[in-house]
J.: 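Just dropping this structure here.
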There are 2 protein chains.
Amino acid sequence: MTPRPISQWLAAKLGLRQLILDGELGAGDRLSELRLAARLGVSRTPLRLALGQLEHEGLLEALPGGGFAIRSFSRDQVADAIDLRGVLEGSAARLAAERVRGPRDLGELVSCVAQLDRIVDPDRAEVEDFEFYVELNERFHTELVALSRSDALHAAYEHALALPFASPSAFVLLQAELPASHHTMLDAQRQHHHLLDAIESGDGDRAEQVARDHARLALANLDSALGSADALEKLPGGSLIRLEQAASRARR
Amino acid sequence: MTPRPISQWLAAKLGLRQLILDGELGAGDRLSELRLAARLGVSRTPLRLALGQLEHEGLLEALPGGGFAIRSFSRDQVADAIDLRGVLEGSAARLAAERVRGPRDLGELVSCVAQLDRIVDPDRAEVEDFEFYVELNERFHTELVALSRSDALHAAYEHALALPFASPSAFVLLQAELPASHHTMLDAQRQHHHLLDAIESGDGDRAEQVARDHARLALANLDSALGSADALEKLPGGSLIRLEQAASRARR
DNA sequence: CGATTGTACCCTGCATGCAGCGTGCGCTCC
DNA sequence: GGAGCGCACGCTGCATGCAGGGTACAATCG
């Protein structure tokens, strides 16, 4: 994004987020500014700025005695986050359907779907390039929100995506190992087509409905992921999700 | 909220937000940290934390050369923000309808509606205590979101309300002077009743629909407010809204 | 042996000093 | 007289010093 003049606080924010997502900092841990600063190679001042941002984004929680801890999430909280994404994408789809002026606006979306078609080719038993799939999928969803032309919605969407497991592609890497993988992707791709079609024909209601359904796929995947603990490892930020009944140890 | 151990950065955040909302800092202005720090009585360090937060909330925008400026909003951006609030409240209403267990959960909501009934009594020509109305109205909407029991939705809602004119009560003070005031409030109160009823009967679809319609009232008020420049003064953060065609002077 | 209290350390939050940079104004040259 | 160049100021972003407080450990008392 901003390659050259990368400010210290941005480096801290990105670096810290990466550390959290990679699970190198366990959920619930209290963060030591000094240690973190050393680890990230930044000073405490920009680090504290980054901490404030990540708290606002919901990845950290401020502790009463001062300082921050890494938030952890229950299964229901994750599900709600995914549901929220569905709502926001639904609203974006509706607005897109209402506001798209001509076919030119949909170029990017059409291109994404076409490329996705090639990747999830039903004739092949397996999807090969998951990385490319992820990229295209994210581009599709990003473009969808962009088409809504609503700054407020865009901001809310970005905010919702701060929770990594709410991302549209959160479960793709997981699917790479799931048996029903290809089937799920075909479903998803069908929905992409339906969504595109609804937007093209200006049918806001249907577009919203399809987009919400689309997010429900992720919900289904969530519970299958929660089954095995090492499936969580595959999820971005999976280490932040706590398995309820399994470990009822009190945190803090 | 947190009265006693008010930290410096919280003071800065609240103080700065107040300054912005009161229009004491014109939209588009570049902020000088030094001057602001002096004015707010805090040091630069906590102030910069507050600046970062307010940028994240969308009240400020980071300038390319460094520093921040007060954002300004077009009519469409404001409308989209209100629409987004409608979407979020709609989703909250749906979840509330689905998740409410017993009548006890609805106690607060029922109480709000009952008290609102007394205030907007149709037999009276005028509503007297606007301040109390605002408080009750906000409690109603806050409680609605709380009933959804979705942390993600709650966070998104709070985020959306950072834009002051998107607040559910943004236009109430305006209505105090509008001719159709009482009529609008009666409409709104009817919707409150419908919303409560839909939630009580577990009808998520209808609850969502009503909540969205409810937000549309604000949209209507918006355009009537944009008519006169001094009506904007009555709006919280009204000074942030720029009148498009009227003043096409380039900012920055 | 357990509980309570005292102490010392670490850690957060804040203030301030400092360097790099962009900007605006003035001076000079054309 | 206008335009271009240079200089100096102010400002942001960052680093670090410092004070207050909370916590954990240990020592002592019951």
Side-chain angles (χ1 to χ4, degrees), chain A residues 1-17 19-20 24-57 59-71 249-252, chain B residues 1-17 19-20 24-57 59-71 249-252:
Chain A
M1 298 293 177
T2 47
R4 246 55 50 77
I6 193 166
S7 59
Q8 295 293 87
W9 77 263
L10 225 183
K13 182 172 164 179
L14 297 179
L16 179 51
R17 188 193 260 131
L19 283 181
I20 296 176
E24 304 211 17
L25 299 169
D29 284 5
R30 186 193 191 112
L31 298 177
S32 161
E33 292 185 359
L34 220 51
R35 257 189 287 280
L36 260 189
R39 188 163 183 180
L40 294 171
V42 300
S43 167
R44 284 181 54 222
T45 304
L47 173 62
R48 300 192 77 237
L49 226 91
L51 288 171
Q53 297 257 329
L54 290 183
E55 184 219 354
H56 203 152
E57 291 184 5
L59 283 179
L60 302 179
E61 60 185 342
L63 298 179
F68 298 91
I70 302 192
R71 270 189 71 185
R249 62 180 163 195
R251 289 169 304 118
R252 179 163 328 174
Chain B
M1 296 295 177
T2 45
R4 247 54 51 77
I6 193 164
S7 59
Q8 294 294 87
W9 77 265
L10 225 184
K13 182 173 166 180
L14 296 179
L16 178 51
R17 189 193 260 128
L19 283 181
I20 296 175
E24 304 211 18
L25 298 168
D29 283 6
R30 186 193 191 112
L31 298 178
S32 161
E33 293 184 358
L34 221 50
R35 257 190 287 279
L36 259 188
R39 187 163 184 180
L40 294 171
V42 301
S43 167
R44 284 180 55 222
T45 303
L47 173 62
R48 301 192 78 239
L49 229 92
L51 288 171
Q53 297 256 330
L54 291 183
E55 183 220 355
H56 203 176
E57 291 184 5
L59 283 179
L60 302 179
E61 60 185 341
L63 297 180
F68 298 91
I70 302 191
R71 271 189 70 185
R249 63 183 163 195
R251 292 167 304 117
R252 179 164 324 171

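All chains are named by letter (A, B, ...) in the order of the sequence lines, taking the proteins before the strands, and each is independently numbered beginning at 1.
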J.: Select base, sugar-phosphate, or nothing to describe what B:R35 touches, counting heavy atoms under 4.0 Å on all strands.
T.: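 Here B:R35 touches the backbone only, sparing every base.
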J.: Is there a side-chain contact between B:L19 and B:L36 (heavy atoms, below 4.5 Å)?
T.: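 Yes, their side chains come closer than 4.5 Å.
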J.: With heavy atoms of chain B within less than 4.0 Å as the criterion, where does contact along DNA chain D begin and end?
T.: D:dC11 to D:dG13
J.: May I ask you to test the B:L59-B:R71 pair for a side-chain heavy-atom distance under 4.5 Å?
T.: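 Side chain of B:L59 against side chain of B:R71, heavy atoms only: no contact under 4.5 Å found.
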J.: Sequence neighbours excluded, which residues qualify as salt bridge (charged side-chain N to carboxylate O under 4.0 Å, His left out) partners of A:R39?
T.: A:E24
J.: Residues of residues 44-52 of chain A with any non-hydrogen atom less than 4.0 angstrom from an atom of DNA chain C: list those, numerically ordered, please.
T.: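 A:R44, A:R48 - these, ordered by number, are the residues of the stretch whose heavy atoms sit under 4.0 Å from the strand.
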J.: Where do B:G41 and B:Q8 come nearest, in terms of heavy atoms and distance?
T.: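 In terms of heavy atoms, the two residues are closest at O-NE2, 4.2 Å.
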J.: Find which nucleotide of DNA chain C each of B:V42 and A:L31 is nearest to by heavy atoms, and output the residue with the more 5' nucleotide.
T.: A:L31
J.: Identify, between A:G65 and B:G65, the residue whose nearest nucleotide on DNA chain D lies closer to the 5' end.
T.: B:G65
J.: Closest approach of A:E33 and A:L47, non-hydrogen atoms and distance?
T.: O-CD2, 3.3 Å
J.: What are the two closest non-hydrogen atoms of A:W9 and A:L49, and how far apart are they?
T.: CG-CD2, 4.0 Å
J.: Rounded to whole angstrom units, what separation is found between the CD atom of A:Q8 and the P atom of C:dC21?
T.: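 Distance check: A:Q8 CD to C:dC21 P gives 13 Å.
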J.: Please work out if B:G66 contacts a base, only the sugar-phosphate, or nothing of the nucleic acid, heavy-atom cut-off 4.0 Å.
T.: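 It contacts sugar-phosphate atoms only.
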J.: Which heavy atom of B:L60 sits nearest a heavy atom of B:I70, and at what distance?
T.: CD2-CA, 3.9 Å
J.: Contact between A:L14 and A:R17 at the side-chain level, heavy atoms closer than 4.5 Å - yes or no?
T.: yes
J.: To the nearest Å, how far apart are A:F68 CZ and C:dC11 P?
T.: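 Rounded to the whole Å, the gap is 16 Å.
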